[in-house]
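As structure tokens, the structure follows; a few thoughts come after it.
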2 protein chains.
Amino acid sequence: MNVTIKDVAQRAHVAPSTVSRVIADNPRISKETKERVFKAMEEPGYYPNAIARSLASKMTYTIGLIMPRSAEDAFSNPFFPEVMRGISVVAHNEKYDLLISTSGNEEEEKQAVINMVKGRKVDGIVLLCSRTTDELIPWLREEKFPFTVIGKPLDSKGVCWVDNDNIGASRLATNYLIKHGHKEIAFISGSLEFVVSLDRLDGYKLALEENNIPFVKELVAQDEFSEDGGYNAMMRILKQKKPTAVVVTDDIMSFGVIRAAIDYGLRVPQDVSLIGFNNIPLSAYANPPLTTIDISTFELGVKSAELLLKILKNKDYMADHIIVPVKLIERKSCIKR
Amino acid sequence: MNVTIKDVAQRAHVAPSTVSRVIADNPRISKETKERVFKAMEEPGYYPNAIARSLASKMTYTIGLIMPRSAEDAFSNPFFPEVMRGISVVAHNEKYDLLISTSGNEEEEKQAVINMVKGRKVDGIVLLCSRTTDELIPWLREEKFPFTVIGKPLDSKGVCWVDNDNIGASRLATNYLIKHGHKEIAFISGSLEFVVSLDRLDGYKLALEENNIPFVKELVAQDEFSEDGGYNAMMRILKQKKPTAVVVTDDIMSFGVIRAAIDYGLRVPQDVSLIGFNNIPLSAYANPPLTTIDISTFELGVKSAELLLKILKNKDYMADHIIVPVKLIERKSCIKR
DNA sequence: CACCTTAGTGAAACCGATTGCAACCAATTA
DNA sequence: TAATTGGTTGCAATCGGTTTCACTAAGGTG
């Protein structure tokens with residue numbers, strides 16, 4: 001059996017409560033006692049049991065992270081590790097651990113959250129990506145459980161979130177292509193059940209409108225957030241239309257789009273220009289190097305964690321949001337026409 | 001306050017212990033009582049407190065993962081997310097959570113482990129990458145705490161590990177270059193304080209020996225596991241020697257090596273051939289596409305988690321290890337000479 | 001001198017579950 | 001009829017801490 005607080009108490013000839021106070025560095029304990037207790041902890045190698053401590057104090061010092069979709073997909077898109085990196089840096093600085101739960105589908109995702117929240121395993125949660133149909137956010141809000149979300153929720157009332165200005169970012173990307181002389185611009189994104197896809201579609205439409213370019217629905221397609229998804233979406237478009245440029249809201253999808261273009265006998269960028277989103281490491285090395293919108297993925301993670309910790313430290317922190325800036329990274333996948 | 005087991009007990013007119021047994025699906029409880037208890041749980045939305053349960057049962061159903069070095073670096077090398085992906089898939093299937101702790105340096109790494117182990121936060125740990133100087137492994141072994149390690153430890157007595165045959169893999173890579181007519185082959189790896197670097201160096205030497213090629217220590221360099229590390233290592237070699245080919249034990253480093261070669265006025269692969277390790281997604285899209293050793297990173301994660309769970313289910317599972325096969329992926333970064 | 005602070009510590013309740021053991025009841029056996 | 005047995009369930013201890021409250025002794029105040 002392990003050394004417990006009682007063993008230490010006996011050794012130091014004090015009560016367990018005193019030892020507890022020493023650990024908490026309670027100012028009401030005298031220097032002498034503190035030293036005595038510390039000594040009594042040393043030799044047997046005492047270390048407080050975090051579980052017991054959590055049970056009594058109702059603090060876990062861990063923050064929960066729900067990976068959307070199945071873990072298989074989540075980790076293979078560099079977006080998620082990158083955002084996790086941001087979260088984990090902040091967590092680590094503040095001595096918080098990260099509890100990760102992966103889920104295969106929306107139902108499992110909900111179970112994972114319930115498990116963390118009702119099971120009292122974490123102090124707060126950061127949610128990745130919000131769906132339009134998300135039941136989690138209303139549920140968490142009702143439970144009054146601390147959480148932040150990356151990606152502005154559809155109904156953002158009373159929730160803390162961190163996101164880019166997705167409408168603006170997409171408008172920026174589209175305008176960039178328009179300024180390069182393109183008029184037949186396609187738009188490929190993930191499923192419209194994600195708010196982010198919706199917003200970026202709006203930005204795209206906005207840019208077209210500003211430049212009196214008609215919106216053509218055959219130039220728009222959605223598919224999975226994967227290389228294959230990009231490939232399939234592009235193929236569907238090419239069967240009907242011949243865009244000279246395309247906005248793709250995910251770099252990984254872009255690779256599929258490039259592949260589809262090539263399979264179709266098109267050269268990138270000579271025949272079709274391309275602008276991506278996320279600026280994942282791969283995009284700089286792609287062929288051609290991808291012009292893309294850098295959404296500061298790392299920063300998204302950092303801010304979401306910082307925001308969550310702020311909430312944890314000040315329970316009635318009011319709903320708040322943070323917009324992380326984007327930046328257009330010019331490389332070689334777009335040409336003037 | 002939340003609904004507890006006592007509330008449910010009152011509602012169902014039974015003792016808390018009975019409720020507990022119902023949750024555990026104890027066969028000694030009659031069907032009628034079970035139903036009554038289930039009903040009493042439903043309405044108030046009872047959910048067992050995992051912390052309290054852990055305290056009493058000494059099981060957490062979470063496995064710990066220690067990210068080596070600082071989280072900043074760890075997540076930016078796709079190796080780690082990929083191995084995590086493997087672990088998390090297995091964990092998820094077995095209804096285990098993942099507790100992640102990131103550390104800045106070796107000292108913090110140790111603290112993180114102690115915190116998990118002595119704090120009883122996890123049932124077992126999977127360790128990523130073993131250093132030659134690792135104190136963690138002996139410590140965990142002495143504590144008799146269940147763990148597995150990815151990467152064969154120097155002293156593997158009594159520990160369960162998962163790894164590739166690194167000597168063989170490196171020999172394979174080197175022989176591939178030799179068969180392509182290369183004789184001046186450089187070898188670039190991460191620090192030799194990692195066992196994996198050591199093993200791969202041995203494999204390289206072995207291949208040279210088999211082919212009666214003298215070992216030249218100016219053709220060997222170590223540096224950080226990063227793009228810059230690769231760049232610097234290659235530059236150091238180029239200042240002294242002119243290899244026609246190089247084995248690089250990490251794809252990310254390879255990119256730096258390519259950059260260094262280009263900066264030095266060399267073309268890849270025309271002037272210098274290159275073979276990498278890991279087969280990260282990026283390597284297929286690199287310019288030139290990278291010939292590399294696929295070490296089945298995902299599988300490494302899967303096996304390490306499976307092994308750990310096996311240990312957890314059968315406490316005195318004997319020390320064991322699993323070798324995950326490697327595969328040479330031929331692309332365009334090597335030419336015959 | 002009686003009264004009030006204040007500092008320092010201990011006793012005991014509590015956090016929300018699990019589990020060994022005793023107890024009970026009805027049915028069976030001797 | 002008494003004892004045994006098997007199936008159910010409750011009591012109470014336990015897991016390892018935190019925290020409220022009470023208490024003691026020393027020092028300060030009017």
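Naming convention: chains lettered A, B, ... in sequence-line order (proteins, then strands); numbering from 1 in each chain.
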### Task
May I have all residue pairs that pass side-chain hydrogen bond (donor to acceptor under 3.5 Å, both in side chains) and include part of residues 10-20 of chain B, sequence neighbours excluded?
Arg11(B)-Glu43(B)
#### Entry: Partners meeting side chain to side chain donor-acceptor pair (under 3.5 Å) with Asp163(A) (sequence neighbours left out)
Asn166(A)
### Query
Looking at residues 40-53 of chain B, who's got a heavy atom less than 4.0 Å off DNA chain D?
none
### Message
Test side chain to side chain contact (heavy atoms under 4.5 Å, CB included) on Thr4(B) and Val8(B); report intermediate values, then the result.
### Response
CA-CA 7 Å; Thr4(B) 76; Val8(B) 175; over 6 Å; no
### Task
Describe, as an angle rounded to 10 degrees, how the axis at the first end of the helix from dC1(C)-dG30(D) to dA30(C)-dT1(D) is tilted relative to the axis at the last end, five pairs per end.
60°
### Summary
Within residues 26-35 of chain A, the residues having a heavy atom closer than 4.0 Å to DNA chain D are none
### Set of salt bridge (Lys or Arg N to Asp or Glu O under 4.0 Å) partners for Lys144(A), sequence neighbours left out
none
### Task
Give every residue pair that meets the ring pair (Phe, Tyr, Trp, His ring centres under 6.0 Å) criterion with at least one member in residues 118-162 of chain B, sequence neighbours excluded.
Trp161(B)-His321(B)
#### Entry: Any residue meeting side-chain contact (heavy atoms from CB on, under 4.5 Å) with Val83(A), in chain and number order, not counting sequence neighbours
Leu128(A), Ile150(A), Thr297(A), Leu300(A)
Result block: side-chain N/O donor-acceptor pairs under 3.5 angstrom for residues 21-29 of chain A, not counting sequence neighbours:
residue, atom, partner, partner atom, Å
Asp25(A), OD1, Lys34(A), NZ, 3.0
Asn26(A), OD1, Arg28(A), N, 2.8

#### Entry: Residue pairs passing the ring pair (Phe, Tyr, Trp, His ring centres under 6.0 Å) test where at least one lies in residues 82-111 of chain B, sequence neighbours excluded
Tyr61(B)-Tyr96(B)
#### Entry: Test side chain to side chain donor-acceptor pair (under 3.5 Å) applied to Lys121(B) - qualifying residues, sequence neighbours left out
Asp97(A)
### Query
Please, which pairs that meet ring pair (Phe, Tyr, Trp, His ring centres under 6.0 Å) have at least one residue in residues 15-58 of chain A, sequence neighbours excluded?
none
### Task
Using a strict cut-off of less than 4.0 Å between a Lys/Arg side-chain nitrogen and an Asp/Glu carboxylate oxygen, indicate whether Glu107(A) and Lys110(A) qualify as a salt bridge.
no
### Query
Which listed nucleotide (dT19(D), dT18(C), dC15(C)) is nearest to the side chain of Ser57(A)?
dT19(D)
## Note on the structure
Whole-Å distance, Lys121(B) NZ to dG16(D) P, equals 17 Å
### Task
Report the distance from atom CG of Asp7(B) to atom P of dC14(C), rounded to the nearest whole Å.
14 Å
### Side-chain-base donor-acceptor pair under 3.5 Å for Ser17(B) and dC11(D)
yes
### Query
Do the side-chain N or O atoms of Ser20(B) get closer than 4.0 angstrom to the phosphate oxygens (OP1, OP2) of dT18(C)?
yes
### Message
Please tell me if Lys58(B) has a side-chain N or O lying less than 4.0 Å from either OP1 or OP2 of dG16(D).
### Response
yes
#### Entry: Distance in angstrom units between His13(B) NE2 and dT9(D) P, rounded
14 Å
#### Entry: Nucleotide dG16(C), atom P - distance to CD1 of Ile5(B) in whole Å
11 Å
#### Entry: Closest-nucleotide 5' rank along DNA chain D - winner of Val14(B) and Leu55(B)
Val14(B)
### Presence of donor-acceptor pair under 3.5 Å, side chain of Arg21(B) and base of dG20(C)
yes
